[in-house]
Amino acid sequence: MPAVQEVEVVVAHRERATLRVGDTFLKIDADPVRADVEVEAMAIAPVPTPAVLWHRPPVLALAALPGTALGRLGEPSTASPGAWAAAGAAARTLHDAPLPPWPGQGLDELATRLDVECEWLVSNGVLPTDLVTRNRHVAEAALRPWTPVFTHGDLQIAHVFVDGDELTGVLDWSEACRGDALFDLATLTLGHEEHLDDVVAGYGVDVDLDVIRAWWSMRSLLAIRWLAQHGFDPSSPGCEVDVLRARM
């Protein structure tokens, strides 16, 4: 690796850290299984992914992707409608691919997690009861049988890179699994509801928008405690708490 002037900390918390060193990303993961899933998922995913330079647990070295992220949660996206549509098309390509060999989360497990997190949010005074109750009701629409597809599992816009109207790659595959296609579409558009039509147009088939909205509520309710405990602020403008307020 050539000499560089600085090391950029992209993200860091108790479970993992990502550093950028020149044109190389170094991911340090405390969970070796999660890292193995990421490597295997990138190898079989039918969409552009970063090149794996080397993998010496607990460190995974990846080449930087060209282009820029589709956006950031809590910030306006400067990406074009065509770029959002390209992200939707990539999601469809992934969902049409053969299933990965590892399972995802079941309905019973998801329902239990929703119960636990909603109780924690209310009992600890993190969010008003009416906000949690309303969003829990919305989220329950996601708790229905679905046909499993190959999902990215964390398809947030910071993980999707574009150059103009072209998708150049998708990052962070450690949550990839068999799951609900609409969860990926909801994660992609979380906090950016104004781009949902572009994503669905690129996806190319009709989808149940109420279920996507349900996943917005579900993902936000399930994420708030983890985010707060790992140094992130879910109450920042445009982030998870605002997503929940939008359902009121």
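Excluded from the calculations below are hydrogen atoms, water molecules and symmetry mates; all remaining heavy atoms, backbone and side chain alike, are included. Quick caveat: nothing in here was measured; it's all calculated off a predicted structure.
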Check whether any side-chain heavy atom of [X] lies under 4.5 Å from a side-chain heavy atom of [Y], and answer yes or no.
| X | Y | answer |
| --- | --- | --- |
| L222 | L110 | yes |
| T187 | R219 | yes |
| E175 | R34 | yes |
| T68 | T78 | no |

For R20, salt bridge (charged side-chain N to carboxylate O under 4.0 Å, His left out) partners two or more places apart: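 For R20 the salt bridge (charged side-chain N to carboxylate O under 4.0 Å, His left out) partners, ignoring immediate neighbours, are D23.
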If you round to the nearest 0.5 Å, how far is CZ of F25 from CG of L53?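 One gets 11.0 Å once the value is rounded to the nearest 0.5 Å.
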Which value, rounded to the nearest 0.5 Å, describes the distance between R16 atom CZ and S174 atom OG?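 It comes to 4.0 Å.
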Kindly determine whether L143 and L114 satisfy side-chain contact (heavy atoms from CB on, under 4.5 Å), including the steps that lead there. CA-CA 10 Å; L143 297 174; L114 182 62; 4.2 Å; yes
Any idea which heavy atoms bring G191 and E194 closest together, and the distance?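 Result for this residue pair: O-OE1, 4.4 Å.
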Which heavy atom of M218 sits nearest to which heavy atom of A139, and what is that distance?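 The pair with the smallest heavy-atom distance is CE-O, 3.6 Å.
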Residue pair D165 / S80, side-chain donor-acceptor N/O under 3.5 Å: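 The criterion, which ignores hydrogens and geometry beyond distance, is satisfied for S80 and D165.
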In terms of hydrophobic clusters joined by side-chain contacts under 4.5 Å, are V138 and L185 together?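 Shared cluster, no.
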Should the ring pair H195 and W84 be called parallel, tilted or perpendicular, given that the plane angle runs from 0 to 90° and is split at 30 and 60?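 Taking W84 first and then H195, their aromatic rings lie parallel (interplane angle under 30°).
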